[in-house]
Amino acid sequence: MKVGILKEPKDEARVAMLPEAVKTLISWGTEVCVESGAGQSAYADDDAYRSTGAEIKQRAEVLTESDMICGIQALPLEEISKMKPDAVLLGQMGALFNPELTKFLLEQKRTAFSMELVPRTTRAQSMDVLSSMATVLGYKATLLAANSLPRFFPMFMTAAGSITPARVLVIGAGVAGLQAIATAKRLGATVFAFDVRQAAKEEVLSIGAKFIDVAGATEDKAAGGYAVEQSADFIQRQKDTIHEHAQKADIIITTAQIPGRKAPLLVEERTVHAMKAGSVIVDLAASSGGNCALTQADQTININGVRIIGVGNLAAELPQDASKMYGKNYLNFLKLIIKDGAINLNFEDDIVLGTCVCHAGEPKNSRIAEMIKQ
Ligand code: NAD
């Protein structure tokens with residue numbers, strides 16, 4: 001059985017597996033072929049892959065010879081057509097939001113796994129690429145903000161006077177938010193955060209930030225630890241509280257998301273206008289609509305001296321460690337579908353079933369099946 005690793009598109013510096021992950025895969029009795037240059041942007045050259053025992057091939061050969069292809073971004077449809085009929089395709093293909101791709105995979109009777117569908121259960125944690133990439137995003141968001149800020153982060157007492165620490169407000173304290181808080185704390189900022197989940201409050205306090213309470217949040221145990229949509233009254237009170245805190249903040253990092261829905265709008269236009277010139281907003285929810293009313297995805301805009309960074313593919317800006325984490329998540333998932341060097345799909349396993357877009361012309365993930373019915 002041969003696993004193929006392709007070079008990602010031009011705007012993507014990560015690679016699905018670095019040589020260290022490929023080495024482990026080969027030790028399980030599989031062959032691996034890697035497209036020439038696949039790891040280049042993540043600082044892994046062809047020789048590093050060769051030294052693991054992998055073959056270096058041209059793209060067309062990897063596509064046509066592999067029994068399984070592990071990638072990050074979705075493959076173009078014409079390339080999927082070139083794969084062996086029974087080859088398995090894996091990637092973070094956003095299948096729930098990409099009906100054209102999903103329908104194509106079904107029509108072609110392909111077997112495909114979309115890594116963002118990995119169930120968010122304790123057993124699946126080590127395979128969860130969304131968590132890994134959220135860690136990268138939170139860290140990078142703080143560094144991006146620090147680099148853009150015309151001020152220091154830490155407090156300084158110098159002969160030239162004293163510098164007060166930067167004030168950072170983090171909205172949404174999930175995986176990315178907590179990492180943003182921890183990074184801002186390490187750099188010496190004073191950090192405030194808030195979230196609609198009580199569990200997040202404990203975590204925020206435990207890493208030394210201050211928690212802003214807004215009473216009356218809705219929580220739902222059935223949401224499995226995730227946020228649910230809030231009432232209009234609560235969201236308005238949240239917006240007012242953010243408006244008040246934003247005027248004192250140097251940086252706002254927003255990460256608030258609700259799985260499968262548009263991100264809640266929490267930083268209003270009037271709030272941006274009320275902020276100090278030189279302040280920075282980093283909106284990590286930009287791709288799902290943004291938490292700030294003025295955010296433009298993949299762009300940095302300047303509103304009266306307040307810069308709003310609508311973050312694009314920030315994970316690709318830390319390609320080495322992001323690829324290392326991706327590869328580890330992949331290996332943990334592949335352990336479930338590779339046995340004795342061969343593909344072995346056990347749909348009795350909830351992780352295999354939940355991550356599978358389709359197999360033999362049938363949708364497997366329940367949300368994909370619902371989407372197809374509509
Ligand atoms: P996410 O990216 O869906 O959302 C980010 C944060 O935004 C969440 O903390 C959410 O509560 C918050 N949020 C949503 N609406 C908000 C609002 N109106 N105001 C303020 N905050 C708002 O979430 P995530 O970071 O992926 O994870 C959230 C939780 O799930 C965490 O507790 C995390 O530990 C847990 N988790 C578990 C697993 C697993 O068990 N495999 C994997 C990932 C995350």
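All ligand and atom numbering here is 1-based and tracks the order in the structure. Along the sequence shown, residues are numbered consecutively beginning with 1.
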query: Does CD belonging to Glu78 count more than 12 external heavy atoms closer than 6.0 Å?
result: yes

message: Less than 4.5 Å apart, side chain to side chain, heavy atoms only: is that true for Thr64 and Lys84?
response: no

N or O contact, Gln238 vs ligand 1, cut-off under 3.5 Å: yes

- request: Look at ligand 1 and say whether Leu130 reaches it with a heavy atom at a distance under 4.0 Å.
  value: no

task: Just go through Ala256, Ala193, Pro264 and tell me whose heavy atom is the nearest to atom 22 (C) of ligand 1.
output: Ala256

- request: Flag Gly174 as yes when one of its N or O atoms lies below 3.5 Å from any N or O atom of ligand 1, and as no otherwise.
  value: yes

query: Can you tell me if Ser131 has a non-hydrogen atom under 4.0 Å from ligand 1?
result: yes

message: For Arg110, is there an ion pair with Asp86 - N to carboxylate O distance below 4.0 angstrom?
response: no

task: Looking only at distances, please establish whether an N/O atom of ligand 1 is found under 3.5 Å from an N/O atom of Leu266.
output: no

Backbone of Ile72 reached by a side-chain donor or acceptor of Glu8 within 3.5 Å: yes

SB check Glu65 Lys2 (cutoff 4.0 Å): yes

message: A side-chain contact here means heavy atoms from C-beta on lying under 4.5 Å apart; do Ile309 and Val280 qualify?
response: yes

- line: With heavy atoms and a 4.0 Å threshold, my read on which part of Asp195 contacts ligand 1 is both

message: What I want to find out is whether Asp321 reaches Lys140 closely enough, with some N-O distance under 4.0 Å, to be called a salt bridge.
response: no

task: Tell me which part of Gln125 gets within contact of ligand 1: side chain, backbone, both or neither, using heavy atoms under 4.0 Å.
output: both

query: Quick one: which ligand 1 atoms are inside 4.0 Å of a heavy atom on Ala227?
result: 10 (C), 11 (O), 13 (N), 14 (C), 15 (N)

query: Does even one non-hydrogen atom of Ala173 get within less than 4.0 Å of ligand 1?
result: yes

task: Heavy-atom contacts with Val175 under 4.0 Å: which atoms of ligand 1 show up? List them by number with element.
output: 25 (O), 44 (C)

message: So, regarding Gln230 and ligand 1 (criterion: nitrogen or oxygen to nitrogen or oxygen, under 3.5 Å), is there a contact or not?
response: no

Lys328 bridged to Glu20 by N-O distance under 4.0 Å: no

